[in-house]
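Have a look at the structure below, then the notes.
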Amino acid sequence: MLDAFSFNCGYNGCFPPAFQTKEAFLLCFLIFGIAWFILRRFWDASAAIYLSAIALLLLTSVPQMYYRATDLGSLIGRLLPLSASEKRFHIFASDYLFPDKVHRFFPGIYKARVITDINLCDGDGWGTRDRLAYYLYPIDIYSTLNQDMLIYYKKDNAVNLVPTGYKVILKIDDRNLVALPKGAL
Amino acid sequence: MMLMGFCSALFLSTYAAYIVFRSFLHSLGFSFTSIIGLSYFLGLGIITQSFMWLWIWGAPVSYQNILIILICLSVIGFLCRHRFTPLDVAKEREPVLRYERFFIWGVILYVSYNLILVVLSAASIPVFSWDSITSEAYKAKTVFYTGSLLQISHAFYPNFPFYTLSAMAWTMFGQGLWDDQYIHLIFAFSFLAFTFIFYDIARQFTSKVAGLFSLFLLYSSNLLIIHATLSYRDVLMMAHTSLCVFGILLWGGKGKDGLISFSAVFAGLSLLTKLEGLPYYPVYLIMLIMSGVFYSKTAKDIFKSLGQFIFISGIVYLPFQIYKVVVSAGDNGWVNNPVLGNEGVILRFCFVIQRFFNELFLSGNWNIFFWPLAVISVMILLIVHRKDPLGKLFFMSIILFFGVYLTTYVFTGVYRGVKTPYTISRYFLHFFPLVILMISRVGYLIYGSQKRNTI
C-alpha cells in the first residue's frame, strides 16, 4: 500500500544506503586521509584534519541535494494532483475507504464493536485496528462499554453473523457491513 | 480556506506568545527572527497548558475558550511590556572576506532549497505513520470532537505527554473541521522556527560564518529533513531539549538570570513533549551545575539557579502530572523493568555500543562524514583547546545524553528495542544540535576569530 508513496531518507551524498557498509566507511576514511595529506601541507595538523572532514562534508552535500530533490520532489509530484481522500485511499486502501463510507452514512457519535477475521492483536493487525479507530472516530471502537453498533470489517459470511435484535443498516458488500439494534434508527 | 484556518491558528498562538514574551526574550539578547521562532514553540506551549488547565477546571477544551485565554495573556503581556530592559548588545558588523561571501550565499541557498522541499512535502502528505496515528492524531481527534482530555485515557499510551496532540487539535480547531491534510506543516514550521533560533544561538556561541556553517550541518542530516515532514515528535523534542541546554550554557557565559527561566520553560516543554524528557531532566540539572562551576559562579548562585530551574519547570509540568494522577495513567512498565535476560550486562553493553556505531557511522540518517567530524572535533577539543569551558560543556552534555541511552538500553527493558532500525538515531536527534555546536565551536577556536564578542 505504502509503496506508491514511499521515499527513502537514507541517501547519503554519493553513498546510497546499499553501499553503507563497513567498506564504504573505510573508503570514506581513505578519501579523508588523502584530503588530510594534501591539506597538511598548508595548515597545522588539527586544522588540516578538521578541514578535510568539512571539505568532504561539503562535497557530499551536492549529490545529497540531488537525492533529496529526486526523492521528495517525485513524492510531491505524485501527490500534488491527488485530492486528500485519494491520497489516503492510496496509502491505506480499504482501511480508509471503509471508515469513509461508514462516516457518510453515520455522521454521529457511536460506540462500536469491530468484528473481523483480521487478528487485531498482532503486529499487522495493530495497524489496521488503529487506522480504523482513527478514521472511524467519532465512532469509538476502543470503548468496551455501552456499544451500540456492530461493525463487520473483512469478515467472511458477515451477513449471517448479525445477531437477532440487530438490523443491517449499511451493507457495502458481504464482508463489510454495519448493524444497529432494531429500532435504533 | 482550510489551509488559512490552519495557519491562522498557528499564527494566533505564535502572536500571543510574541506579545507575552518578546520583552523578556529581547532582554536576553535574542534577535527578532529568533524571538519569532521561540514564540512559535512557546505559543504551542501556551496552547498545551490551556488544554490541560481548562480540563482540570472542568471547562470544555474549545477554540473559543483558548482564544479567550490567548487574548487575556496578550493583554497582560502588553501591559507588562516594559518590565524587562533590553540587553544592550553592541551591534558590530563582522567583516566578511570575499571567499566567505561565497560560503554564506551557498549555505543560504542550501537551506532555502531544503526548506522549500520540506514545506512542500509536509503539505502534501496526510498523516500516515502508525506511531503518529496511534499516539498523537487519534488522541487529538478525540479532544477535537469531545472537548475533553478524558477519552485520551482510554486510548493507547495514555501517559504520553500532550504537546504535539494539543498542537494538532488546536490547528484543527482553527480549520473548523478534522482533516489531517496539512497537519505535518506543524513540524515543518517547527523546523523553520528552530532554524532561525539555532542560527542566532550558534552565532552567539561562535561567529556569523560559523553560525551559518552550523546551519549547514543541521541540514546535512537526512533523518532530520525527513522528520520535519512527518508527524513524529522528535523534531519538537530536539528543539526543546537543545534550547534548554543552550539556555543553560548561555547563562554560564552571560550570567543573565532570565536565561535560567528560559531554560526551565524549555525543560518543562521537553517533559510535555516526550517521555524521554524525564531521563533528560537530570542531565539538565548536571549541566546547570557544571555551567556554574566552569564559569566560576558562587555556590549560592548555583543553588539559587537550581531552585529557580526546578520550580519553573515543575510549574510547566504540573498540569500533566495532575492529569496522570486523575486518570491513573502510569509510566511504561517495560521502561522501568530492569530485565537483564540471559545476555548479562557486558554482552548487552557491547551489543548496544555496536548498534550505536552502526546507527551513527554507517546509517544514511546522517551525512557519512558528520560523525567522523564530530569525533575529530572532540579530539581537537580535548588535545588542543582543553581550556575552553564552552567546548568542554558541549562535550560533557553530549556524553551525558549518550550515557542516558547507554544505561537505559543496558539496564532496562528498553533493550528489546535496540535492534529496531532508526530508533536510536531518532533519539540521538534530540541532542544532535549540541554536537553541531561543539563542532562549530572547535572550528571557531581553530581560526581564533576576533571579529565578534562571543561568550
Donor + acceptor pair across side chains of B:Ser220, B:Asn367 (<3.5 Å): no

Chain A shares the most heavy-atom pairs under 4.5 Å, among B:Val442, B:Asp180, B:Ile383, with B:Asp180

Measuring heavy-atom distances to chain A, does B:Phe144 have an atom under 4.5 Å in its side chain, in its backbone, in both, or in neither? neither

Given heavy-atom pairs under 4.5 angstrom as the criterion, report whether the side chain, backbone, both or neither of B:Asp179 touches chain A. both

For the residue pair B:Lys141 and A:Tyr134, would you count it as a cation-pi contact if the rule is NZ or CZ under 6.0 angstrom from the ring centre and within 45 degrees of the ring axis? yes

Can you confirm whether the side chains of B:Thr164 and B:Tyr232 place a donor and an acceptor under 3.5 Å from each other? no

Below 4.5 Å from any heavy atom of chain A, which atoms of B:Leu120 appear? Answer side chain, backbone, both or neither. both

Among A:Tyr137, A:Tyr135, A:Trp126, A:Tyr96, residue most engaged with chain B (heavy-atom pairs, under 4.5 Å): A:Tyr137

Is it the side chain or the backbone of B:Tyr182 that comes within 4.5 Å of chain A heavy atoms, both, or neither? neither

Please flag which part of B:Thr142 lies under 4.5 Å from any non-hydrogen atom of chain A: side chain, backbone, both or neither. both

What part of B:Ile225 gets closer than 4.5 Å to chain A, counting heavy atoms only: side chain, backbone, both or neither? side chain

Give a yes or no on whether B:Trp105 atom CH2 has more than 12 heavy-atom contacts from other residues, nucleotides or ligands under 6.0 Å away. no

Looking only at heavy atoms and a cut-off of under 4.5 Å, which of B:Asn114, B:Leu217, B:Val384 has the most pairs with chain A? B:Asn114

Heavy atoms only, distances under 4.5 angstrom: which of B:Phe213, B:Phe370, B:Phe216 has the most pairs with chain A? Name it, please. B:Phe216

By a 4.5 Å heavy-atom criterion (distance strictly below it), what part of B:Ser221 contacts chain A: side chain, backbone, both, or neither? backbone

Among the listed options A:Leu57, A:Asp130, A:Leu58, A:Asp140, the residue most often paired with chain B at heavy-atom distances under 4.5 Å: A:Leu57

Top residue by heavy-atom pair count (under 4.5 Å) with chain A, among B:Ala123, B:Ala137, B:Pro372? B:Ala137

With respect to chain B, which residue among A:Ser85, A:Pro138, A:Ala84, A:Gly127 yields the maximal number of heavy-atom pairs within a distance under 4.5 Å? A:Pro138

What do the steps show when you test B:Lys392 against B:Asp388 for salt bridge (charged side-chain N to carboxylate O under 4.0 Å, His left out), and what is the final call? CA-CA 6 Å; B:Lys392 276 193 284 190; B:Asp388 180 50; over 6 Å; no

Do B:Asp131 and B:Ser129 meet the criterion of a side-chain donor-acceptor pair at a distance under 3.5 Å? no

Tell me, for B:Ile376 versus chain A, whether the close heavy atoms (under 4.5 Å) come from the side chain, the backbone, both or neither. side chain

Students often mix this up, so state it plainly: with edges at 30° and 60°, are the rings of B:Trp371 and B:Phe432 parallel, tilted or perpendicular? tilted

Considering only heavy atoms from C-beta outward, does the side chain of A:Arg175 approach that of A:Lys155 to under 4.5 Å? no

Indicate whether the side chain of B:Thr146 and that of B:Gln151 have a donor and an acceptor atom separated by less than 3.5 Å. no

Under 3.5 Å, is there a donor on one side chain and an acceptor on the other for B:Ser231 and B:His184? yes

